[in-house]
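Notes for the one structure printed next.
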Amino acid sequence: MNLTDTLNWVRGEQTEGIVVVCVAAVILLVGIFLPRILATPATRALMIPFIVVGGIYVAVGASIGLSARQQEKALTEKYQSTEQQAFVQDEIQRVQGFQSSYNTSRIITSLLFVVGLLLFWFSNYKTLNAFWLSHNTTLQGIGIACILFGLVGICVDYFSMHRAKTYYDILTSVMQ
């Protein structure tokens, strides 16, 4: 194993952070400008939920990108100052530590996606007329935002999890 494998993983994290910020910026801009372009109850109902989702993901993406930049420097210094076996062992432990968070994140984002679908479905199609949710554009907007939040989260975790697994496989192959 060489430093390039570690830096490839970190640069993948940086790229992911940039992509998340760009996607979030689009969501944020849609939330801000769509109600001004199309003044309908549906677009007004999307405004606040989209601004919230976009704002959260701007913060998440920026955090991912900035922490990856700091990790790049720290890992490079660590690689140069320690022997390879110790570095690899520390990296294996670090990767194992955050890999368990993918399951929790996957469950939360999947539940948000399903809740968003249910909110949108029950508030849109007179499916259950007894529900007070029927034809509520605010709940439809919240449902769409939950779907979007869950979908972006699932995508972020999917790519991050596969990059981490590839990096972990490289690390463990060195130890054998």
Side-chain angles (χ1 to χ4, degrees), residues 8-72 94-168:
N8 284 341
W9 175 75
V10 171
R11 288 181 185 128
E13 290 290 307
Q14 289 174 336
T15 303
E16 181 176 332
I18 292 167
V19 169
V20 170
V21 166
C22 291
V23 169
V26 169
I27 294 168
L28 199 56
L29 290 172
V30 167
I32 292 170
F33 292 113
L34 187 63
R36 294 182 177 158
I37 296 168
L38 301 171
T40 67
T43 57
R44 283 191 296 270
L46 284 174
M47 185 171 137
I48 302 248
F50 270 35
I51 290 172
V52 169
V53 170
I56 289 171
Y57 273 120
V58 163
V60 167
S63 172
I64 290 170
L66 291 175
S67 70
R69 182 174 291 160
Q70 292 169 349
Q71 275 186 332
E72 181 177 13
R94 188 177 68 81
V95 173
Q96 286 173 341
F98 69 75
Q99 277 183 327
S100 62
S101 68
Y102 289 124
N103 290 334
T104 305
S105 179
R106 195 178 334 174
I107 289 168
I108 291 169
T109 54
S110 296
L111 283 175
L112 264 173
F113 185 80
V114 170
V115 165
L117 284 173
L118 291 174
L119 270 175
F120 186 74
W121 187 52
F122 284 137
S123 63
N124 194 24
Y125 295 113
K126 295 186 184 181
T127 307
L128 299 173
N129 286 330
F131 278 96
W132 62 274
L133 301 173
S134 177
H135 296 292
N136 187 328
T137 56
T138 301
L139 290 174
Q140 290 174 348
I142 292 169
I144 291 169
C146 286
I147 292 167
L148 193 56
F149 190 90
L151 185 62
V152 171
I154 289 168
C155 290
V156 167
D157 277 353
Y158 174 77
F159 292 110
S160 180
M161 182 177 61
H162 284 285
R163 257 193 336 279
K165 183 180 180 341
T166 302
Y167 182 53
Y168 183 77

inquiry  = Run Leu117 and Phe113 through side chain to side chain contact (heavy atoms under 4.5 Å, CB included) and show every step you take.
reply    = CA-CA 6 Å; Leu117 284 173; Phe113 185 80; 3.5 Å; yes
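- The environment of CZ in Arg163 is crowded: more than 12 heavy-atom neighbours from other residues, nucleotides or ligands sit within 6.0 Å.
- Of the listed residues (Thr43, Ile32, Leu34, Ile27), just one forms a side chain to side chain contact (heavy atoms under 4.5 Å, CB included) with Phe50, and that residue is Ile27.
- Counting all heavy atoms, side chain and backbone alike, Ala68 lies closest to Gln14 at CB-CG, 3.4 Å.
- Nearest heavy atom pair, residue Val21 against residue Val58, reads CG2-O, 3.8 Å.
- With rounding to the nearest 0.5 Å, the separation of CD1 in Ile51 from CG in Leu46 is 10.5 Å.
- In plain terms, the two heavy atoms of Met47 and Pro35 that are nearest each other are CB-CG, 3.6 Å.
- Taken from CG in Leu112 to CD1 in Ile107, the straight-line distance is 12.5 Å, to the nearest 0.5 Å.
- Atom-to-atom distance recorded for Asn8:CG and Thr15:OG1 is 10.0 Å, nearest 0.5 angstrom.
- Closest heavy-atom contact between Ser100 and Gly97: OG-O, 3.4 Å.
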inquiry  = Working note: Val95 + Phe98, criterion side chain to side chain contact (heavy atoms under 4.5 Å, CB included); need CA distance, chi angles, decisive distance, verdict.
reply    = CA-CA 5 Å; Val95 173; Phe98 69 75; 4.0 Å; yes
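- Using the six-membered ring where Trp is involved, Phe149 and Tyr57 have ring planes that are tilted, between 30° and 60° apart.
- Checked by atom type, the side-chain pair Asn103/Arg106 shows a donor-acceptor distance below 3.5 Å.
- Closest approach of Gly141 and Pro49 over heavy atoms only: O-CB, 3.8 Å.
- Remark: the backbone N or O of Ala59 is not paired with any side-chain donor or acceptor of Ser63 at under 3.5 angstrom.
- The two residues Ile147 and Gly116 come nearest to each other via the heavy atoms CG1-C, 3.6 Å.
- Taking OH of Tyr167 as the start and CD of Gln99 as the end, the distance is 11.5 Å to the nearest 0.5 Å.
- Here the CD1-CG distance, from Ile144 to Leu119, works out to 10.5 Å after rounding to the nearest 0.5 Å.
- Distance check: Leu28 CG to Phe33 CZ gives 9.5 Å after rounding to the nearest 0.5 Å.
- No donor-acceptor distance shorter than 3.5 angstrom exists from the side chain of Ser160 to the backbone of Val156, with no hydrogens or angles considered.
- Side chains of Glu13 and Gln71: no donor on one and acceptor on the other come within 3.5 Å.
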